[in-house]
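Heads up: the structure comes next, in structure tokens.
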Amino acid sequence: MRLFNTLTRRLEEFREIEKGKVGLYTCGPTVYDYPHIGNFRSYLFEDLVKRFLLFHGYRVTHVMNITDIDDKTIRKANELQVPLAEVTQKYIDAFHADLRALNILPADVYPRATAHIPEMQALVATLLEKEFAYEKDGSVYFRIERFRDYGRLANLDRASLKPGAAAAGAADADEYGKEAVQDFVLWKGKKPGEPSWPAPFGEGRPGWHIECSAMSMKYLGPHFDIHMGGVDNIFPHHENEIAQSECANGVTFVNYWLHCQHLIVDGMKMSKSLGNFHTLGDLLAKGHAPMAVRYLLLSSHYRKLLNFTLDGLEMAGQALARIKNFVFSLKNVETEGEADPELAAVVTASLEAFSASVADDFNVSGALGVMFDLIGGINPRMNALTRADAAGILAYMERVNAVLGILEPGDEGPLDAEIEARIALREKARREKDFARADEIRAELKEQGIILLDTPAGVKWKRD
RNA sequence: GGCGGCGUAGCCAAGUGGUAAGGCAGCGCUCUGCAAAAGCGCUAUUCAUCGGUUCAAAUCCGGUCGCCGCCUCCA
């Protein structure tokens with residue numbers, strides 16, 4: 001499997017550190033508000049990568065941090081006049097609910113920053129001891145001059161870093177003590193109205209970057225396989241993580257850095273002021289299915305800008321319906337008989353092509369094309385299939401879905417006696433040519449999300 | 001100023017040297033009591049644009065136009 005490593009800016013063949021195992025760290029949410037669909041594009045991409053690794057039989061240890069202490073969470077708590085933990089817990093719960101709705105596999109650990117203060121302090125202490133960091137006016141800063149590779153990930157020349165945005169930061173009261181503008185804070189000295197923890201280098205709270213370094217090395221060791229996040233994390237967050245971690249441990253931090261491009265909405269950057277800011281809850285309230293959101297956000301290449309529109313979401317839902325109808329038809333094949341070996345070979349080849357496409361830097365569009373080619377090839381032959389044939393194709397769809405996660409197990413509900421009874425009533429009306437009554441029953445069932453299909457083999461039904 | 005990305009049908013989107021995948025939408029037809037689903041057929045001589053390299057370019061090189069991102073705490 002080939003993937004684009006931000007560190008080298010080229011496609012590389014994936015080689016795990018320890019055979020059969022993968023250590024995976026993904027940057028999680030800062031829990032000061034509801035996540036938006038842009039966040040989910042990243043989380044869905046990360047889920048895809050993880051699922052594909054699992055598909056190939058790797059044992060994956062996935063860590064996703066929860067930033068529950070930073071400027072924004074503190075500000076929110078102060079605005080609302082409630083304890084920090086109350087604010088963060090609310091949004092942590094909302095975050096997990098959205099992950100479940102989108103069928104994102106849970107991480108093995110969701111470490112919270114506030115639960116890892118000692119680990120972060122130990123890391124800061126190490127950096128101070130090795131003189132990669134210095135204390136100034138109660139805060140501790142990283143001295144980027146000491147790290148030769150600084151800027152490598154972001155492809156930024158340290159000397160040419162424009163002091164534009166940096167100058168604004170430097171004007172911040174707690175920053176002017178730095179030796180160099182580009183130095184970043186590891187530990188922020190105590191300020192009134194902010195939570196703080198005692199530390200040998202002064203009471204205060206952790207900087208943002210240190211949490212990911214401390215928590216990733218705690219759960220995955222000083223050197224692990226893959227680290228992911230949104231492109232905005234490349235600089236400064238991930239650049240700083242590399243600096244902290246490699247200076248503290250003296251070893252390579254991460255082998256592969258994968259970054260997901262942002263999405264825009266209706267052609268413009270998503271922002272609350274433009275009114276094009278969507279949360280998952282907003283979209284579900286408009287009647288869109290979470291799986292349509294998943295399909296849309298996953299169906300174009302992760303390194304390309306994605307223009308999210310409601311029309312696009314509609315189209316994604318339709319494409320998904322085609323896939324679900326295919327599965328539905330397969331499940332209703334009733335002809336007994338042997339499996340056709342030629343058909344089985346076609347299905348096997350299709351799965352290989354699907355997998356090869358995903359393996360090529362996660363080309364989901366190409367992989368979907370492979371799958372739809374198979375669907376288009378099978379559909380005309382649907383009536384000629386045996387149960388054994390159908391079982392083979394359903395197994396294929398399960399494998400595909402193990403990677404994409406777009407079909408929920410609950411899509412096909414158990415037969416419901418009540419529904420069957422209604423259908424029998426409608427059949428009676430149809431036999432008696434009372435079509436008005438028959439249509440009425442069909443409409444009622446549709447209200448309940450039950451779609452009827454009159455086929456030569458009898459009435460079939462499915463949930464919408 | 002520095003670094004980087006994108007522009008393929010009405011819409012979404014693969015393809016990165018061998019002659020335009022796939023999905024959605026649309027139109028016609030088959031099936032149906034009517035639908036739905038499914039099927040069949042149709043829908044880019046052309047890949048922002050100009051020029052170059054090549055037997056061959058959407059794919060490589062150069063120019064132009066348009067859009068976008070990053071350069072210290074935004075997924």
Side-chain angles (χ1 to χ4, degrees), chain A residues 9 26-30 35-46 67 70-72 144 151 154-157 159-170 172 175 181-185 207-209 228-237 239-240 259-264 267-271 295-296 299-301 303-307 309 311-323 325-326 328-329 332 357 363-373 375-376 379-383 430 433-436 438-439 442-443 446 451-456 460-462:
Chain A
R9 280 170 294 282
T26 60
C27 277
T30 299
H36 57 253
I37 52 168
N39 300 108
F40 287 120
R41 184 186 192 194
S42 290
Y43 302 146
L44 283 165
F45 167 59
E46 290 156 5
T67 302
D70 82 317
D71 294 353
K72 290 185 297 257
I144 69 161
N155 196 24
L156 292 171
D157 180 7
S160 72
L161 283 176
K162 191 187 173 187
D172 211 339
E175 305 257 45
V181 258
Q182 298 94 335
D183 289 350
F184 60 91
V185 67
W208 177 35
H209 316 299
M228 292 192 268
V231 285
D232 56 291
N233 281 151
I234 296 172
F235 196 88
H237 187 50
E239 192 72 62
N240 291 350
H259 292 97
C260 185
Q261 183 53 264
H262 282 180
L263 63 72
I264 55 177
M268 282 171 292
K269 185 167 178 166
M270 178 165 55
S271 75
Y295 184 97
L296 177 61
S299 61
S300 64
H301 192 82
R303 285 191 284 118
K304 276 195 170 179
L305 200 64
L306 167 67
N307 184 16
T309 62
D311 279 350
L313 189 54
E314 204 69 46
M315 291 193 290
Q318 288 304 114
L320 201 51
R322 181 168 165 85
I323 300 167
N325 283 328
F326 179 65
F328 177 81
S329 299
N332 280 292
S357 186
N363 184 353
V364 175
S365 315
L368 284 170
V370 169
M371 182 199 65
F372 277 114
D373 274 341
I375 291 178
N379 265 332
R381 304 176 52 184
M382 192 61 77
N383 290 331
R430 289 180 76 202
K433 306 277 185 210
D434 183 0
F435 297 120
D439 289 351
R442 181 168 62 191
K446 190 168 194 300
I451 306 291
L452 298 189
L453 299 91
D454 296 335
T455 76
K460 309 282 187 194
W461 67 276
K462 62 180 180 179

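Reckoned from all heavy atoms, side chains included, excluding hydrogens, waters and symmetry mates. We name chains A, B, ... by the order of the sequence lines, and we start the count at 1 in each one.
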Nucleotide-resolved protein contact map, nucleotides 31-44 of chain B, B/S/- at heavy-atom distance under 4.0 Å
--BBBBSSSS----
Which parts of nucleotides 5-15 of chain B does protein reach within less than 4.0 Å, heavy atoms only, written one letter per nucleotide 5' to 3' as B for base, S for sugar-phosphate only and - for none?
--S---BSSSS
Which dot-bracket notation, 5' to 3', represents the base pairing of RNA chain B when pairs are defined as Watson-Crick or G-U with both distances under 3.5 Å, crossing pairs as [ ], and inter-strand pairs as |?
(((((((..(((.....[...))).(((((.......))))).....(((((..]....))))))))))))....
Test salt bridge (Lys or Arg N to Asp or Glu O under 4.0 Å) applied to [X] - qualifying residues, sequence neighbours left out:
| X | answer |
| --- | --- |
| A:Lys460 | A:Glu334 |
| A:Asp232 | none |
| A:Arg303 | A:Asp361 |
| A:Asp311 | none |

Can you name the residues that form a side-chain hydrogen bond (donor to acceptor under 3.5 Å, both in side chains) with [X], not counting sequence neighbours?
| X | value |
| --- | --- |
| A:His36 | A:Asn39 |
| A:Asn233 | none |
| A:Arg41 | none |
| A:Thr26 | A:His62 |

Does A:Lys269 have a side-chain nitrogen or oxygen under 4.0 Å from the phosphate oxygens OP1 or OP2 of B:C70?
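Answer yes for this pair, as a side-chain N or O of A:Lys269 is under 4.0 Å from OP1 or OP2.
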Provide the distance between the two P atoms, one in B:U53 and one in B:G66, to the nearest whole Å.
28 Å
Using the C1' atom on both, measure B:U54 against B:A48 and round to a whole Å.
23 Å
Which is true for A:Gly369 with a 4.0 Å heavy-atom rule: it touches a base, it touches only sugar-phosphate, or it touches nothing?
base
Would you mind classifying the nucleic acid contact of A:Leu263 as base, sugar-phosphate or nothing, using non-hydrogen atoms under 4.0 angstrom?
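Base contact - A:Leu263 has a heavy atom under 4.0 Å of at least one base atom.
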Any stacking of A:His262 on B:A75, going by centres under 5.5 angstrom and planes within less than 30 degrees?
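Check passed, A:His262 stacks on base of B:A75.
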Among all residues two or more places apart in sequence or in another chain, which pass the ring-ring contact (aromatic ring centres under 6.0 Å, His included) test with A:His209?
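A:His209: ring-ring contact (aromatic ring centres under 6.0 Å, His included) contacts with A:Phe184, A:His237.
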